Amino acid sequence: MTHQEQLNPAQREAVEHTGGPLLILAGAGSGKTRVIVHRIAHLIQRHQVHPQHILGVTFTNKAAGEMVSRVARLLSDASRRPTWISTFHSLCARILRREAPALGFPRSFTIFDADDQLRMIKQVAEEMGIPKDGPSVASYQSFVERARNRGWLPQAAFEQSPKNHHQLCAQLYERYHQRMRANGTLDFGDLILAVIECLERFDPIRERYLAQWQHILVDEFQDTNPAQYRLLKLLTNSPFHIAAVGDDDQSIYAWRGATVENLLGFEHDFPGCRVVRLEQNYRSTQAILDLANAAIAVNRTRLPKVLWTTNRHGPKPVRFTGRHEGEEAAYIARQIELQRKRHQVEYGDIALFYRINAQSRIYEEQLRRSAIPYRVIAGTSFYEREEIKDILAYLRLAINPADDIAAMRIANVPRRGLGAKGSDQVKLRAQERGIPFFPALESMLEQNNAPCFRKQTREALQQLAALIRRLRSEARSATPPSQLTSWLIEQIDYLGYLQAVHPENAADRFDNVQELVNAMRDFEEERPLRHGESDTSLQGFLETSALVQAADQPTAQGAVNLMTIHAAKGLEFQVVFLTGLEDGLLPLVRGGAEEPENPDEERRLFYVAMTRAKEQLFLTDCLSRRLFGNSVANQPSRFLEAIDDRLLQTDPTSCRLFSPEGTAGYSTRSRSYPIPRTLADPDDTARSFATAPRRRLPESSETWTRKSREVPPPAAGRSPDPLRVVEELAIPPDGLRLQRPTRDGSELDALVGRIARHRTFGEGRITRAEYSGQRIKLTIQFPSVGTKCVISSYVEVV
DNA sequence: ATGCATTAAATTTTT
DNA sequence: TTTAATGCAT
């Protein structure tokens, strides 16, 4: 066996340890996945563990997929590959497809996303007569989520919630939970909870799974919530063949219920546990690791570890402070081009991180202006789009007639004349008879002696009922989902509906629906329906679509990557810009609060962000930032203040300067200030540092109060027009001109006033043109249909 | 049902 | 600033 030669001693220990529980503390970039994958291979090859007896659990489908494919690469014999590597949620769904009847709901259960959940909570709140002017529905949702994360069934929620308001929350949770189970619908949290319930209540079932999995591996253990940990414990029996891999320093999902205590308490829960630390980092330069180590060392409750590497020392991370966010953005754009020129870094190897999505706009604008290709990793997932959810709701209803949220969603989509009033009647009937919404609707349609609804509505609804019945039988007879869906959208004339309701982007939305059909086709090819399986292929697709985000966008080669720090976890880039390093933003201080909610977690975010960088790290901020409408002056992030200045170099063009001696100051840079040679060029570092002008910070200044509102610009007196400044800086000062045509608005101006021809709206005059993401959005006055907004690619300019 | 105006609220989001 | 949600008049 050659593969173990690639492992360092700690990794090898983590791979080879057997006979008891194992906790692997895997620092950032320490080859964690390599260890897990090798461990699986080792168990199979060296210890003759049957692949079916290995369970690998991750949080993301991406991680699960990577694990599967890397194990496959190690094991040439396909028949020896483990078949139980998946996310917590997929695992639980798979278990419940077998065990659901024991808990009293059918195997054909459907899965709710957060939006469905919210709708159900709204529904329940309404039924309970909870006034609308009270606490928001979202606050009830977060109560439910908290209960789920902690593994509380309603009973436990009651016991744990002494206060009045929480008692009401618990009541709502109870009704919600009953309703969900009665409907055969499960939210994400309940997938876990239902399996826990099943294992705790039915010993034979638990025995079966205990026998099934003799070795368990858990990835990203620091991200588990109490419910998930409880599940793991239920699946693990003496001699506790469980290996947990995690890094307490990278725990950034506490707000979603993850608790580092799981990791900290692991040794206690599994006595005799072996702990292995992976501290050798294979990703970053020592200069970056020095900074990251220094930053995280401040946290009190952590398992001490220090990352080191045999990589070169590399240039020190660079500090830059702009006077406002436009300057920060312009600096980044300039620096991106420099990095490309001097270090042959490709756009795709560069990333820009921010704490909150709202920050991204300014960077996008600047990158566009500088003609730098970029992509933003974020946004609503494909499966959260309204049009996709509509179609999926039809299919869900076909699979699960009791899925009320799906039924209520499509009962009047497309319009069938069933408004709020008619809908209430159906709900009333459902409540009276204790049956779900759709069956109640059907029963009202069959009632001939005293017909419900007016004629037109009734006929439309009868058609709907027939349609759903047809879908149901087709699904049972294993008609391919793609075929079924094509038929469905035809039947309901969904395109027509979209054009009526969303004339401005009906075509885009319909494209998405077509994309859904394509996704189904892919699914069918990948996973042909095996006869005798308990689920239909449609059910399989619905499950996949609920538990798998739209296929991860391929890491675009030629584009700078913009994302939140959370989204950056697990990724790595040559060059990283960590932006908005200001107190209030990172650490983030919410709304009216004085202090960050969880400063340690914010610091871990800082740490995660820095450890993504392989070669060069930029830490940027600005003196005053416009966010949500008004300008705020922020102090530099407290995270930086705790760090020895010698670990950093300040860009001489920065308006605030730090020196190794610890004297800080800011310069008033005039427009003619010569921009020095390239930064982040290791050889230049010392020189540019030495020549950087230094000025003392005024001892105290009223204008620099923390989190002040309107802020007079520093020193300069009068604020330069931000746009102006940005334009100036967009042209790199060393004379390098951007070759590509800039999208500065001239092409927009050229459009306004002209006549455009649209396929359905005819001809009209363009009154406005603006960028909308990468596209151009036009406002056009059509004589026939009035003013419409259209994406430029849908019209022909005459 | 639909369009408009006003108002409020605005981390992070693996499943 | 932007966005979404709500209420109100059509």
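Computed from a predicted model, the values in this text were never measured in an experiment. Chain naming here is simple, since letters A, B, ... match the order of the sequence lines and numbering starts at 1 in each.
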Check the phosphate of [N] against [X], side-chain N and O only, distance under 4.0 Å to OP1 or OP2. Yes or no?
X	N	value
A:T564	B:dT13	yes
A:N357	B:dT12	yes
A:R256	B:dT15	no
A:N61	B:dT14	no

So what does [X] hit on the nucleic acid, given a heavy-atom distance under 4.0 Å: a base, only sugar-phosphate, or nothing?
X	answer
A:L547	sugar-phosphate
A:D223	base
A:G570	nothing
A:E220	nothing

Atom [atom1] of [X] to atom [atom2] of [N]: distance rounded to whole Å?
X	N	atom1	atom2	result
A:E384	B:dT14	CD	C1'	12 Å
A:E66	B:dT14	CD	C1'	14 Å
A:K122	C:dA4	NZ	P	13 Å
A:K421	B:dA1	NZ	P	10 Å
A:L118	B:dT15	CG	C1'	17 Å
A:E325	C:dT1	CD	P	12 Å
A:D116	B:dT15	CG	P	16 Å
A:E597	B:dT12	CD	C1'	11 Å

Considering only atom P, compute the distance from B:dT12 to C:dA5 and round it to an integer number of Å.
16 Å

Tell me whether A:R368 forms a cation-pi arrangement with A:Y363, defined as NZ or CZ under 6.0 Å from the six-membered ring centre and within 45 degrees of its axis.
no

Pi-cation contact, A:W152 with A:R146 (under 6.0 Å, within 45°)
no

Check A:E602 with A:R355, please: is the shortest side-chain N to carboxylate O separation under 4.0 Å?
yes

Under 4.0 Å between a Lys/Arg side-chain N and an Asp/Glu carboxylate O for A:R604 and A:E601?
yes

Of the nucleotides B:dT13, B:dT11, C:dT2, which one has an atom closest to the side chain of A:R361?
C:dT2

In terms of side-chain heavy atoms of A:A567, which of B:dT13, B:dT11, C:dT1 is nearest?
B:dT13

Regarding C:dT1, can its base be found pairing with the side chain of A:R626 as donor and acceptor, where the two atoms are less than 3.5 Å apart?
no

Taking the nucleotide of DNA chain B with the nearest heavy atom to each, does A:F628 or A:R415 sit closer to the 5' end?
A:R415

Residue whose closest nucleotide on DNA chain B lies nearer the 5' end, A:L418 versus A:F59:
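On the 5' side of the pair lies A:L418.
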
Ring-plane angle category for A:Y229 and A:F221, please: parallel below 30°, perpendicular beyond 60°, tilted otherwise.
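The rings of A:Y229 and A:F221 stand perpendicular, inter-plane angle above 60°.
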
Centroid under 5.5 Å and tilt under 30°, A:Y253 to B:dT13:
no

Is it the case that the side chains of A:S142 and A:S139 hold a donor-acceptor pair, with the cut-off being a distance below 3.5 Å and no angle test?
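The criterion, which ignores hydrogens and geometry beyond distance, is not satisfied for A:S142 and A:S139.
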
